[in-house]
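Okay, so here's the structure we're looking at.
Along the sequence shown, the residues carry numbers beginning at 1.
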Amino acid sequence: IITTLPNCAGESTGSVRTELIVGGQIVNNPSNEYTFNWNVTSENVTRLDSVASGQYRVTVVDSKGCTVDAAAAIADPPSLNLDVVIDPASCPGISDGAIDVTPNGGTGPYTFNWQAGLEAFNGTFTSSRPTPLSSGTYFVTVTDANNCSVERSYTVGNDKTLSVNAVVEDITCNGLEDGRILVTGTSNNPEPPFGFQWSTNGTFNNQPNNTATTSELSGMAPGIYYLT
């Protein structure tokens, strides 16, 4: 029995065929005097196509009742799997993360097709290591030389996240400038001190007068104040 493996693990793309030898000679296209009894089908054929992995046995009987048995096993090729290492982005909005995918199994070479939502990036990447990436969820399809493919999704996080808590005190009376804003910053990976930079939309006479580390504004007129 001569076998051909399936192209991809789990597929029914293999084949099994008999090679009949009589008197030391290969018999091509055996005549009807030979009967082929398979364990997986009742068809009297010399070849089975579109088969999956498994055990295959055949008994060949000639016109005189002589028999010969043969058997072979078909195994799946190695499954296509992915190993991954994810480098997080340093901060929200910063594109310095990466995803490093290494295929194992299947048959090389491999192709990579990456996609992500618009919140992460526009377009596609076709390498095993797309970079630079901002935080978000990315989808990859890896295809091997036999057109076997596997799809995965990976999420790039942020090494550091920042949040701001603000306490706002409105002015007490119209025309006064006694408003106050106090903010505190928090982070999952703090590296104090935090820097604070204030600004307005430029329409107020009382512009913030502060250094980069001022977390409190006082004596403020009504208005909208922006903090970085």
Side-chain angles (χ1 to χ4, degrees), residues 1-19 36-43 45-58 69-163 187-189 191:
I1 292 182
I2 300 173
T3 62
T4 301
L5 298 182
N7 291 331
C8 307
E11 287 189 351
S12 296
T13 53
S15 66
V16 182
R17 67 180 178 89
T18 59
E19 188 173 77
F36 297 82
N37 299 314
W38 294 90
N39 67 316
V40 294
T41 180
S42 60
E43 292 185 85
V45 292
T46 62
R47 178 187 178 101
L48 303 178
D49 291 311
S50 301
V51 298
S53 61
Q55 296 285 335
Y56 295 88
R57 298 183 301 276
V58 64
D69 297 321
I74 293 182
D76 271 327
S79 298
L80 178 57
N81 294 297
L82 304 178
D83 297 325
V84 63
V85 176
I86 300 176
D87 296 329
S90 56
C91 299
I94 302 299
S95 296
D96 57 0
I99 304 175
D100 195 346
V101 168
T102 302
N104 61 73
T107 303
Y110 307 93
T111 60
F112 304 83
N113 183 27
W114 292 88
Q115 294 182 334
L118 295 178
E119 74 282 357
F121 72 105
N122 290 306
T124 60
F125 288 116
T126 56
S127 71
S128 62
R129 181 180 169 85
T131 187
L133 303 178
S134 60
S135 59
T137 300
Y138 297 82
F139 304 87
V140 64
T141 301
V142 180
T143 306
D144 73 358
N146 289 331
N147 207 35
C148 308
S149 63
V150 60
E151 298 179 357
R152 294 287 187 271
S153 65
Y154 301 108
T155 299
V156 175
N158 294 295
D159 185 53
K160 178 185 291 186
T161 57
L162 297 175
S163 61
S187 171
N188 66 326
N189 187 13
E191 295 180 6

(message) Test: salt bridge (charged side-chain N to carboxylate O under 4.0 Å, His left out). Region: residues 4-19. Which pairs qualify, not counting sequence neighbours?
(response)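 Qualifying pairs: none.
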(request) Sort and list the pairs that fulfil salt bridge (charged side-chain N to carboxylate O under 4.0 Å, His left out) and have at least one residue in residues 78-93, not counting sequence neighbours. (result)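 Matches after skipping sequence neighbours: D87-R129.
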With sequence neighbours excluded, what pairs up with [X] under the side chain to side chain contact (heavy atoms under 4.5 Å, CB included) test?
X    : answer
A71  : R57
T107 : D144, A145, N146
A70  : I1, V58
T111 : T143

What residues form a side-chain hydrogen bond (donor to acceptor under 3.5 Å, both in side chains) with [X], not counting sequence neighbours?
X    : answer
N81  : none
T4   : S15
T155 : T137
D100 : none

(request) Report yes or no: does S135 contribute a side-chain atom to a donor-acceptor pair with the main-chain N or O of P92 at less than 3.5 Å? (result)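 Side chain of S135 to backbone of P92, a donor-acceptor pair under 3.5 Å: no, none is there.
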(message) Check whether W114 reaches the backbone of S127 with its side chain - one donor and one acceptor, N or O, closer than 3.5 Å.
(response)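 Side chain of W114 to backbone of S127: a pair is present.
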Beyond-backbone contact of [X] with [Y], side-chain heavy atoms, under 4.5 angstrom:
X    : Y    : result
T13  : C8   : no
P103 : F112 : yes
V156 : I99  : yes

(request) Take Y138 and I86 through the test side chain to side chain contact (heavy atoms under 4.5 Å, CB included) and record every step on the way to the result. (result) CA-CA 11 Å; Y138 297 82; I86 300 176; over 6 Å; no
For residues [X] and [Y], report the shortest heavy-atom separation together with the two atoms involved.
X    : Y    : result
S79  : A9   : OG-CB, 3.4 Å
P6   : A75  : CD-O, 3.8 Å
E151 : T141 : CG-OG1, 3.5 Å
Y110 : L80  : CE2-CD1, 3.7 Å

(request) Mind checking salt bridge (Lys or Arg N to Asp or Glu O under 4.0 Å) for D96 and listing every partner two or more places apart, or none if nothing turns up? (result)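 Applying salt bridge (Lys or Arg N to Asp or Glu O under 4.0 Å) to D96 gives none.
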(request) Please lay out, stage by stage, how L133 and Y154 fare under the test side chain to side chain contact (heavy atoms under 4.5 Å, CB included). (result) CA-CA 12 Å; L133 303 178; Y154 301 108; over 6 Å; no
(request) To the nearest 0.5 Å, tell me how far S12 OG sits from I74 CD1. (result)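 The CD1 atom of I74 is 10.0 Å from OG of S12, to the nearest 0.5 Å.
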(request) First locate atom OH of Y56, then atom OG1 of T18, and finally report the distance between them rounded to the nearest 0.5 Å. (result)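 Taking OH in Y56 and OG1 in T18, the distance rounds to 14.5 Å.
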